[in-house]
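Let me begin by presenting the structure, written as structure tokens, before commenting on it.
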Amino acid sequence: MFQHIKIQNLNDFFKNLNERESTGVYFYRINGYSKEIDGFICAYYEAARKNGVVIEGKLQNPDEKNLAYYNEIMGMDFQLRTGFISASLKKWLPRMNDGQRENVALCLYDALFLLQKEGKTEHMLKNAYIKCMCWLYYRFERIVNQLGENQIPKILYEGAVSQYELMILSILSNAGCDVVLVQYGGDAAYLKQDALSQRSDELKLPGMQAFPQGYCLKQVRQKLQEEANRERLYGTLPKQQNCTNAWISGSVLEDIQKSPAQRGDDPRFFYNCFCRINGVEDKLTYANTLYQLQLQIKSSGRRIVIVNESLGRPAMEEIAAVRRNHYTKLEQLILDLSANISIRETASVELQRMMVRAFTDVMLMEADERGRELNLNKLTNQAVCLLCFLKRYQGRLFGGWKEGDIGCFFFMGGCQDESEVLFFRFLARLPADVLLLCPDLERRCCLKDRLLYEVHHTQSLKLAAFPQEDADVVVGTAAYHAERELDTLMYQDSGLYRDKQYEKANTVILQTMYEEIAILWKEEVKYRPSFSTSKDEVHIPVIFAKVSGVKDGLVQPYWRFIRELVTEDTYVVRSAPFLDPAAANPMRACAAEFYKNGRLRKDKIKSHSSYPYGYLREEVQDYILDKLKLLIDQKAIRGTFENGTEYAIIATVLHLPKEIVRLIQKFDFTKKNPKLLYIHTTEAMISLEDAILAAFLNRIGFDVVFFVPTGYQNVEKYFNRNIMEEHQIGEYMYDLHVPNLEGPLQRTRVSWRDKLFKRK
């Protein structure tokens, strides 16, 4: 019989008999979980599956058919003698050799003898004997002829073992078999059968916890199957794999310039780097350092690709060129999409294999990181983007590739979305140096990867493009950078703002008293309630109101109040409608092509021959188009997405009066905001275009006030919801003539009674 010995580490289970410190077998029970144990169970499961027996659940008692066959072959005789048991085994299990048969016979005899000593009757011993013989034949026949061999068979049992199950497992263990019990409920049930742990040892390792809910061998089997399926995804593996960053010294810009021969000489690897540099070491020399870097790489004959700010979204033509289907499994997705990886531009089968492996690696990593939140449709879209980017840059980066070539991909600005992240994780596993430059510390790169090496500098520099030509190298003087740093100290979270400091703004509508309009009207917006800034945006509190009636029925004070609101930044509308819907508007004809599939096509607008705002600063154009999109998306105007009103919105906003466009261009988001005064004194209805103009200017940041002495319905009829504050200030008056509001104010004498009661 074989002696039970103790392990030094979990790998001892997989040693052959002649490799063990002493001739013996292992019989252990596992009552807790850790990642190390999970890995061991997976490996032991595979070993038992190939050369042993896996028992999921209980060992079922022999059924009637099993017993009938046993009776037919062996009869129902029983004697508690080793000679009888050995002779029976020779007939019942003929594949065992003499040594194996004698060991099993002796172990079975000892087990039955112990039962006899415990008081079991002859009939009970016979039943136990027949049960063990049936189990040996029906469950363990595949290993009985391997017992005690150099490659030791394995048994893996899950759950709480019963008395007779423990007996047969002990028999097989003593006869030359390793046994592992995985007990999800702990050791209590086992110790009822073996209180002194004489038949097996408990495995104790640091960090063990209770098994996770639902953990079982079925789950292990599925996991192993998934891993096997994943292995098949790679196809023929390349001869080389990446050795990323392990060879670098830490001086990234110098390391990138090293030739492949200087990096390492192990033929199993190609040596590349994957780095991100945050900030700049020296503002004065940074641009020139980058310029010299790309010159050095080009002069060495290496291929280089430089991209600034963003990879951009793939064009429809690029997306259409990627062959894809609808996927229900991750493996199906990877296998099908990887077929798009072509060597047409590189003419290297080895490189294609590297690309397939890298693609498979990053897709599996992405799926593992998302876990239960994995959405195959979203992952498909990202994989398609990755393949589009690969096809876009493959020829420039890997054209004519041969073993030993290492290209360079420089990305100025850092990743801003998941598609870019996935592409650079993929690219970093190919024979290419990937360098992400983030000199502006306010612009964060969202890339994370275990291979990424980072360098952090404390100085920040706004540099939109990688300097590739002499004319691109712009070097600031020490005084210039000192002034920029002083700007940062003065104008960041200080309440002070430099001219045109912000390029984006959001508006908040103020609810005010009527009398407050005049008070707030001429104030800078930064002094108004609810004004705030966050990073690169301003939150502007604005007035959006309708004033109905004439206070106290006094016409002259009414006009005087309005006249005081007319400033140099105020646009006054004197009669309705202001924008005539029948007037010529060249943007009406092309509005439909600017909005498709729920998306405002900003690039299409800007490139159109009739686009009217091309002379404005780029950030002002973007601001106008952003607010146009917002107005449409919010569906504030009645009829949006119902009767084509969205196209009327586009046509109106892209054909604003020149004076209003100039006010938008001039607008500094932290100072006084421009105004729109709309005076409506007659029964003539304002137009839809007027309502669009008012709502748009409100979102731009204008103060907008409608004075309606008649109290008639006005702009609100075109809104889907009540977004204006209405002030009812007095009696309604009709057919009033609008005076000259831009001229000098007439001085009037104020009586002592008016002074006393503060009446004008």
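Heads up: numbering here begins at 1 and tracks the sequence.
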* Would you sort out whether F578 and Y571 count as a side chain to side chain contact (heavy atoms under 4.5 Å, CB included), showing the intermediate values? => CA-CA 12 Å; F578 170 56; Y571 191 88; 3.3 Å; yes
Assess whether atom [atom1] of [X] is packed by more than 12 heavy atoms of other residues, nucleotides or ligands within 6.0 Å.
X    : atom1 : value
K606 : NZ    : yes
R443 : CZ    : yes
E373 : CD    : no
E281 : CD    : no
K602 : NZ    : yes
D603 : CG    : no
Q511 : CD    : no

* To do: For the residue pair Y647 and Y595, categorise the inter-ring angle as parallel (less than 30°), tilted (30 to 60°) or perpendicular (more than 60°).
  =>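 Y647 and Y595: perpendicular rings.
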Atom [atom1] of [X] and atom [atom2] of [Y]: how far apart are they, to the nearest 0.5 Å?
X    : Y    : atom1 : atom2 : value
L435 : M412 : CG    : CE    : 8.5 Å
K283 : Y286 : NZ    : OH    : 12.5 Å
H457 : C438 : NE2   : SG    : 11.5 Å
I540 : I509 : CD1   : CD1   : 12.5 Å
T645 : E642 : OG1   : CD    : 7.5 Å
I649 : E689 : CD1   : CD    : 10.5 Å

Looking only at side chains, do [X] and [Y] share a donor and an acceptor under 3.5 Å apart?
X    : Y    : value
N377 : T380 : no
E619 : Q621 : no
Y734 : E683 : no
E725 : T512 : no

Presence of salt bridge, [Y] and [X], under 4.0 angstrom:
X    : Y    : answer
D569 : K666 : yes
E564 : K522 : no
E418 : K378 : yes
R425 : E369 : yes

Any side-chain heavy-atom pair from [X] and [Y] closer than 4.5 angstrom?
X    : Y    : result
K526 : K671 : no
L736 : V550 : yes
K635 : F641 : yes
V620 : R617 : yes
F561 : V547 : no
L463 : V280 : no
T682 : S575 : no

Give me the atom names and distance for the closest heavy-atom approach of [X] to [Y].
X    : Y    : answer
L628 : I650 : CD1-CA, 4.0 Å
L441 : G279 : CD2-N, 3.4 Å
F389 : S419 : CE1-O, 4.1 Å
G549 : Y558 : O-CE1, 3.5 Å
L654 : P612 : O-CG, 2.9 Å
Y718 : I686 : OH-O, 2.9 Å

So does [Y] get a backbone contact from the side chain of [X], meaning a donor-acceptor N/O pair under 3.5 Å?
X    : Y    : result
R324 : V322 : yes
H608 : S610 : yes
D440 : L461 : no
R638 : E716 : no
R699 : L630 : no
Q382 : L379 : no
S687 : D580 : no
R370 : N375 : no
Q416 : R444 : yes
K675 : N673 : yes

* After noting the C-alpha distance and the side-chain angles of C388 and I319, does the key distance pass the side chain to side chain contact (heavy atoms under 4.5 Å, CB included) rule? -> CA-CA 6 Å; C388 289; I319 294 173; 4.1 Å; yes
* Are I723 and F544 close enough, and set up right, to give a side chain to side chain contact (heavy atoms under 4.5 Å, CB included), and what steps lead you there? -> CA-CA 8 Å; I723 56 176; F544 194 27; 3.7 Å; yes
* To do: Please determine which of F466, F423, F424 meets the ring-ring contact (aromatic ring centres under 6.0 Å, His included) test together with F411.
  =>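 Only one of F466, F423, F424 forms a ring-ring contact (aromatic ring centres under 6.0 Å, His included) with F411, namely F424.
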* Could you point out which residue of F531, F702, Y623 forms a ring-ring contact (aromatic ring centres under 6.0 Å, His included) with F669? =>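 For F669, the ring-ring contact (aromatic ring centres under 6.0 Å, His included) test succeeds with only one of F531, F702, Y623, which is Y623.
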* Between L422, V421, L374, L386, which is the residue that forms a side-chain contact (heavy atoms from CB on, under 4.5 Å) with E366? ->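 That would be L422.
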* Asked: In this structure, which one of I679, D690, V573, V715 forms a side-chain contact (heavy atoms from CB on, under 4.5 Å) with F706?
  ->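 Output: one option passes, namely V715.
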* Would R601 and E593 satisfy salt bridge (charged side-chain N to carboxylate O under 4.0 Å, His left out), going step by step from the backbone distance to the final call? -> CA-CA 8 Å; R601 305 170 69 184; E593 61 184 283; over 6 Å; no
* **K391 and E318: CA distance, side-chain angles, deciding distance, salt bridge (charged side-chain N to carboxylate O under 4.0 Å, His left out) verdict** => CA-CA 8 Å; K391 289 188 177 184; E318 291 178 301; over 6 Å; no
* Are Y393 and F409 an aromatic pair by the rule of ring centers under 6.0 Å? ->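 Ring centroids of Y393 and F409 are less than 6.0 Å from each other.
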* In sequence, state the C-alpha distance, the side-chain angles, and the governing distance for L600 and I605, and then conclude on side chain to side chain contact (heavy atoms under 4.5 Å, CB included). => CA-CA 9 Å; L600 185 68; I605 293 173; 3.8 Å; yes
